[in-house]
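The structure appears below as structure tokens.
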Number of protein chains: 2
Amino acid sequence: MESANTVDRVSEMKVESMEERKKRVLNAIINDYIANAEPVGSRTITKKYALGVSPATVRNEMSDLEEEGYIEQPHTSAGRIPSGKGYRYYVDHLMEKEPLSPQEIHQIRKVVAGSVKEMESFMLSCCNMLSRLTNYATIASIPEQGHGRVENIQLLSLSEHQVLLILVASTGIIRHKLIELPLPVTPAEVAAMERDLLRNLIGCELRSINYDKLRDLLQDYQAQQKLATKTLELLEQALSGDGEQRIFIGGVMHMLSQPEFRDVDKLKNLFSIFEQDKRAQELIDSVSSDDGMLTITIGSEMPQEDVQDCSMIVANYFVNGEKAGSIGVLGPTRMSYGKTVSLMEQLSAELSKAMSDKKKAKYTE
Amino acid sequence: MESANTVDRVSEMKVESMEERKKRVLNAIINDYIANAEPVGSRTITKKYALGVSPATVRNEMSDLEEEGYIEQPHTSAGRIPSGKGYRYYVDHLMEKEPLSPQEIHQIRKVVAGSVKEMESFMLSCCNMLSRLTNYATIASIPEQGHGRVENIQLLSLSEHQVLLILVASTGIIRHKLIELPLPVTPAEVAAMERDLLRNLIGCELRSINYDKLRDLLQDYQAQQKLATKTLELLEQALSGDGEQRIFIGGVMHMLSQPEFRDVDKLKNLFSIFEQDKRAQELIDSVSSDDGMLTITIGSEMPQEDVQDCSMIVANYFVNGEKAGSIGVLGPTRMSYGKTVSLMEQLSAELSKAMSDKKKAKYTE
DNA sequence: TGTTAGCACTCTCCATCACTGAGTGCTAAC
DNA sequence: GTTAGCACTCAGTGATGGAGAGTGCTAACA
């Protein structure tokens with residue numbers, strides 16, 4: 001029984017314990033394919049990557065690798081290309097992170113140091129920077145508006161039928177929303193409401209604000225016929241963010257240069273995602289982890305059909321140890337994983353640091 | 001002398017006075033080419049468009065039209081396609097506006113009626129709607145921030161080093177900007193500044209606000225070492241908008257379906273504009289008139305090389321008789337001018353109306 | 001037993017060629 | 001001025017036939 005167990009364990013380990021030379025062949029195939037986007041043959045490998053064996057030997061290894069599903073042959077007389085399983089093995093065991101150049105680190109720091117203050121423009125420049133460095137498309141999401149706590153609320157009376165609500169959240173997001181009032185309200189009344197809201201909502205979790213809470217809070221006004229139910233609804237929507245998650249997309253154009261997207265029809269599929277914020281949102285949400293730093297999703301692992309020949313590397317960034325948002329690179333399956341991972345790790349670290357610094361600054365008030 | 005004069009005038013009129021049949025041939029060619037994106041032959045014309053003459057006759061007309069530069073032949077044995085000059089003549093003299101369907105009018109009204117309140121999301125949905133209706137890309141710009149007058153200013157003290165500035169402009173634009181203060185300021189001081197700004201700037205033309213004006217206004221604080229020069233600069237930037245013109249782009253994906261952009265390289269040129277707000281801005285600015293309602297710019301008339309095989313139809317919309325912004329459709333030169341012009345006229349009228357209504361509502365406060 | 005050289009085989013890619021069909025321009029007749 | 005007829009041009013298509021890349025298999029070798 002014991003011996004059987006051992007055997008089982010060994011067979012389980014099989015994937016891990018690929019022979020050294022086979023690994024090197026697989027590694028060579030994938031690296032070459034990533035670089036040149038063309039099937040890789042046995043001769044190419046022996047010439048470019050010093051394995052010290054003949055093409056025939058490499059062919060034998062390749063035959064094995066194909067049998068085990070790590071590589072594929074587009075047609076009989078072509079070289080091999082990595083399969084999904086192959087990429088996965090590569091990413092998990094073979095890939096070497098490419099060190100960043102001082103210029104790249106500088107570029108990241110410059111953008112991150114820039115202006116964490118205003119989320120919107122900040123994230124947009126992060127996206128553009130990341131796309132520039134990777135040559136792939138970038139998708140970033142800032143935290144659901146429900147995240148974080150209320151730091152400040154301001155009600156500004158624009159006219160007797162219009163109130164501007166300004167919300168400052170602990171996540172650094174500042175939002176304004178114009179509320180049309182069905183019933184006229186005087187500036188004094190607005191100011192009083194503001195006081196009530198401030199007193200009761202500061203420090204409140206944004207997601208805990210709901211219609212009932214607001215009604216209780218403002219019931220005096222409602223009793224005086226000053227607030228319509230409609231107004232409360234609008235207020236609640238504005239405060240809770242109403243699921244309004246902001247998504248940022250950059251570097252879409254880079255995809256046009258990828259040989260896998262020479263075909264306009266493939267582009268159409270891909271771009272259908274970039275044009276619908278909702279789909280981009282779903283994509284990055286389902287592909288990013290809730291806890292870890294980096295996730296890599298490869299080809300067929302992608303949740304949406306339109307991007308099944310893409311891979312995505314997503315990093316989270318954190319404020320106060322809590323996940324604050326994600327930023328991810330979307331490239332062809334044949335993307336440069338080593339380089340991109342290095343970039344993303346650097347960026348995510350810098351991001352988290354910058355945001356925490358900012359928080360610290362606030363706490364020292 | 002008099003007779004010479006007459007002759008001159010006649011020759012000047014020549015373009016206008018194209019013979020009826022020739023016009024009909026040109027019209028047929030352009031309409032067919034717009035519909036099918038393929039060179040049009042003489043047989044096609046006699047079959048599809050009842051001219052009551054034989055293909056040979058049409059061929060003669062076509063030969064003339066080619067000589068005069070209205071149409072071109074891609075190669076000897078192909079039909080004819082319109083030239084830039086041909087499109088121009090078509091747009092100026094032949095094109096018939098296509099009436100809109102009730103559904104289309106309804107869609108426009110629905111979006112325009114939606115929520116003129118918040119410019120940003122409003123313009124974005126206008127763009128998307130217009131792209132959906134035309135199947136072309138849309139570019140819109142909202143007025144330079146320098147337009148309009150100050151309607152309200154609010155300063156919100158977030159911390160002793162951060163002030164949030166909220167600006168409500170008469171154009172309906174609401175903007176917030178976080179200002180980092182080099183020197184600490186108490187909430188009371190911020191409130192006092194706000195009062196001073198409000199008293200002096202309400203009703204002020206935004207573009208008339210400059211550094212000197214602000215310095216005069218706030219010199220007391222500065223004298224007390226409460227405001228750094230840097231702060232004044234930031235304030236001035238925030239108020240003047242600092243050239244921050246917002247541009248909106250929608251429906252880019254539709255261009256992928258146009259046969260003229262089957263070629264990925266052509267797409268690259270086109271998309272290089274969509275990715276750089278600045279270039280999109282330049283494009284719509286240089287192509288829209290300052291006064292008239294609608295402008296049509298065709299192919300080689302386009303100011304940027306990357307869009308020389310596109311046409312653009314731009315409408316202005318007005319608030320209080322003043323140009324408030326532009327919205328334009330960018331399609332292939334072979335675009336459906338008749339339909340698009342109708343849509344744009346309708347949209348621009350509805351837009352101006354909606355915005356004026358809103359103004360009226362404000363003035364009746 | 002693992003490695004390698006040699007060789008036949010497969011299949012894509014590319015150029016060539018001929019054919020077809022669409023469309024023209026010209027001429028002569030109406 | 002219009003039209004029928006005809007010769008001519010040229011893009012597009014499909015078939016054909018190497019050339020080249022790459023494989024798998026076999027047999028020899030270390």
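Residues passing the side chain to side chain donor-acceptor pair (under 3.5 Å) test with Glu61(A) are Arg21(A), sequence neighbours excluded. With sequence neighbours excluded, no residue forms a salt bridge (charged side-chain N to carboxylate O under 4.0 Å, His left out) with Glu38(B). Taking the side chain to side chain donor-acceptor pair (under 3.5 Å) definition, one finds that Lys48(B) meets it with Asp32(B), sequence neighbours left out. Looking at residues two or more places apart in sequence or on another chain, you find a side chain to side chain donor-acceptor pair (under 3.5 Å) between Asn31(B) and Asn27(B), Tyr90(B). Ser131(B) pairs by the side chain to side chain donor-acceptor pair (under 3.5 Å) definition with Thr138(B), not counting sequence neighbours. Considering only residues two or more places apart in sequence or on other chains, Asp92(B) meets the salt bridge (charged side-chain N to carboxylate O under 4.0 Å, His left out) condition with Arg88(B). Here Glu104(A) pairs with Lys339(A) under the salt bridge (charged side-chain N to carboxylate O under 4.0 Å, His left out) rule; sequence neighbours left out.
Listed by first residue number, the stems of DNA chain C with at least three Watson-Crick or G-U pairs below 3.5 Å are C:1-30 with D:1-30.
No option in Leu330(B), Thr333(B), Thr297(B), Thr340(B) other than Thr333(B) meets the side chain to side chain contact (heavy atoms under 4.5 Å, CB included) test with Ser311(B).
Residues from residues 72-80 of chain A placing a heavy atom under 4.0 Å of any atom in DNA chain D, listed by number, are Gln73(A), Thr76(A), Ser77(A), Ala78(A), Gly79(A), Arg80(A). Using a 4.0 Å cut-off on heavy atoms, the residues of residues 42-64 of chain A that approach DNA chain D are Ser42(A), Arg59(A), Met62(A), listed by number.
Aromatic ring pairs are classed by plane angle as parallel below 30°, tilted from 30° to 60° and perpendicular above 60°; the pair Tyr70(B) and Tyr89(B) is perpendicular.
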Identify each donor-acceptor pair in which a side-chain atom of residues 265-273 of chain B lies under 3.5 Å from a protein atom, sequence neighbours left out, and give them as a table.
unit_1: Ser272(B); atom_1: OG; unit_2: Asn269(B); atom_2: O; d: 2.6
unit_1: Ser272(B); atom_1: OG; unit_2: Arg279(B); atom_2: NH1; d: 3.1
unit_1: Ser272(B); atom_1: OG; unit_2: Asp306(B); atom_2: OD2; d: 3.3

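Think of the region where chain A sits on DNA chain C: with heavy atoms and a 4.0 Å cut, that region ends 5' and 3' at dT3(C) to dT12(C).
The heavy-atom pair separating Arg334(B) from Tyr87(B) by the smallest distance is CA-OH, 3.4 Å.
In this structure, the side chain of Thr57(A) does not engage the main chain of Val53(A) through any donor-acceptor pair within 3.5 Å.
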